Peer 1: 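One structure, as structure tokens, below. Some questions next.
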Amino acid sequence: MLETLTELDGLRARVAAWKREGLRVALVPTMGNLHAGHFSLVELARRHADRVVASVFVNPTQFGPDEDFARYPRTPEADAEGLDAAGCDAVWMPSLDTMYPFGVDGTVQLRVPGVTGVLEGAHRPGHFDGVATVVARLFNQVQPDTAVFGRKDYQQLAVIRYLVRELAFPVGIVAAPILREADGLAMSSRNQYLGPDERPRAAGIHATLQAMRRAFEAGEGVEAVERMARGRLQAGGFDVDYATMQRADLSGPAVPHAPWVALVAARLGRTRLIDNLEPGS
Ligand code: PAF
């Protein structure tokens, strides 16, 4: 039976009691509005720990001024029901004051160098600093042994791994595969913003990523692959932020015979979607 925790003392007491019993605790951080993709993270967490805590907190510090913080969907009751059904043990739902006791302007803000300057970081300045800031707090609050993050947010995963290493958090990071709809669209809370005419077209992102893989594996150069991908997306009605073939560690353009990742961020109307494809996925 899922326990809903909203106060730090209650959370700490619950996790401490589990740890006294020698149980391993996993954290699944989320911003709520949960879907099957999130529930698969809970299931994966179960395989790495004895108890699973999911956090639900829409984090203002990772949204830019023109982004969708105010209209980001908040569905706490449905989230709790879904987490219960997915076998989650507790949900951590802190208020804004609990997460940021001195207010958002008074927060100790982390700044993560390197990988945060490109791709999503270039298009959403400050986004990853906000993610790192809240994830560091979640780790301090929950004190999990392990935490699960989705591969859909590829660059976020890289930032979290960097954060854990840099600040020596004793937390193992588990990367969860991307869950897709039948037509290939990666599951995301933002998909519900898509209008009925946009929804079928949104699958074009995954089809483009697959075309990028085929072209790159057939020996096309990175620039040609990226040009093809951008053209394809634009023909499908997308405004493209990036469509790129990168080295797996995001240190620069992909090279043949080395680990790579194809990444896309593009808008359909007002909805910004991101997705990626790794070899073998
Ligand atoms: O991936 C998300 O939903 C968020 O960026 C996270 C990790 C929960 C931090 O707010």
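Fair warning: this is a prediction, and the values are worked out from it, not measured in the lab. Indexing begins at 1, ligand by ligand and atom by atom, following the structure's order.
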Peer 1: Please verify the inter-ring angle class for Phe149 with Phe139; under 30° counts as parallel, over 60° as perpendicular, anything in between as tilted.
Peer 2: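 Judged by the thresholds at 30° and 60°, the geometry between Phe149 and Phe139 is perpendicular.
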Peer 1: Counting heavy atoms not belonging to Asp105, are there more than 12 under 6.0 Å from its CG?
Peer 2: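 Check fails, neighbour count at 12 or below.
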Peer 1: Which atom pair, heavy atoms only, marks the closest approach of Leu268 to Glu198?
Peer 2: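 Heavy atoms of Leu268 and Glu198 come nearest at CD1-O, 3.4 Å.
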Peer 1: Who's touching ligand 1 if we go heavy atoms under 4.0 Å?
Peer 2: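 Only Pro29, Thr30, Met31, Asn59, Gln62, Val131, Val134, Phe149, Asp153, Gln156 have heavy atoms that fall under 4.0 Å of ligand 1, ordered by chain and number.
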Peer 1: List the residues meeting side chain to side chain donor-acceptor pair (under 3.5 Å) with Gln192, not counting sequence neighbours, and say none if there are none.
Peer 2: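 By the side chain to side chain donor-acceptor pair (under 3.5 Å) rule, Gln192 matches Asn33.
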Peer 1: Return the orientation label for the Tyr72 and Phe63 ring planes: parallel under 30°, perpendicular over 60°, tilted otherwise.
Peer 2: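 Perpendicular: the ring planes of Tyr72 and Phe63 meet at over 60°.
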Peer 1: State plainly whether the residues Asp241 and Arg230 are in salt-bridge range, i.e. N to O under 4.0 Å.
Peer 2: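 A salt bridge is absent here (no side-chain N lies under 4.0 Å from a carboxylate O).
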